[in-house]
Amino acid sequence: SNIMRRCMITQTPTTKPTADIISVQEFWNRKVERLKILYTYGSISEDKFIKDMVNLGFTKKQIIDLYGDDEDDNNDD
């Protein structure tokens, strides 16, 4: 019986969990930023980028308006 009590005591956690809790908005913002970085560095295709951004709530028109102008900017000689 004493042994069982000692085992139970040693099994109790001695430290508090270190996980951070973030808001839904912050989680969404980080997902968007991650996709933008992956696309910028060529880690994902344009089709995958658009598909994933649509899954996060953007429309195709919003994505093209925001990121489609990049190609036009490079031709301003």
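For this chain, numbers begin at 1 and follow the sequence in order.
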(message) Measuring only between side-chain heavy atoms, which start at C-beta, is Phe49 closer than 4.5 Å to Leu38?
(response) no
(message) Less than 4.5 Å apart, side chain to side chain, heavy atoms only: is that true for Asn29 and Glu26?
(response) yes
(request) Keeping to residues at least two apart or across chains, list the salt bridge (Lys or Arg N to Asp or Glu O under 4.0 Å) pairs with something in residues 50-60. (result) Lys48-Asp52
(request) Kindly write out the residues that satisfy ring pair (Phe, Tyr, Trp, His ring centres under 6.0 Å) with Phe58, not counting sequence neighbours, or none if the list is empty. (result) Trp28
(request) Using the rule that two of Ile, Leu, Val, Met, Phe, Trp, Tyr join whenever any of their side-chain heavy atoms come within less than 4.5 Å, decide whether Val54 and Leu56 are in one cluster. (result) yes
(message) Tell me whether Ile37 shares a hydrophobic cluster with Leu35, the cluster being built from Ile, Leu, Val, Met, Phe, Trp, Tyr side chains joined at under 4.5 Å.
(response) no
(request) Over all heavy atoms of both residues, which pair between Ile63 and Ile50 is shortest? Give the atoms and the distance, please. (result) CD1-O, 3.8 Å
(request) Return the set of residues passing side-chain hydrogen bond (donor to acceptor under 3.5 Å, both in side chains) with Thr59 (not counting sequence neighbours), or none when no residue passes. (result) Gln62
(message) Any carboxylate oxygen within less than 4.0 angstrom of a Lys/Arg side-chain nitrogen, looking at Glu33 and Arg30?
(response) no
(request) Any chance you could measure Ile44, atom CD1, to Lys36, atom NZ, to the nearest 0.5 Å? (result) 12.5 Å
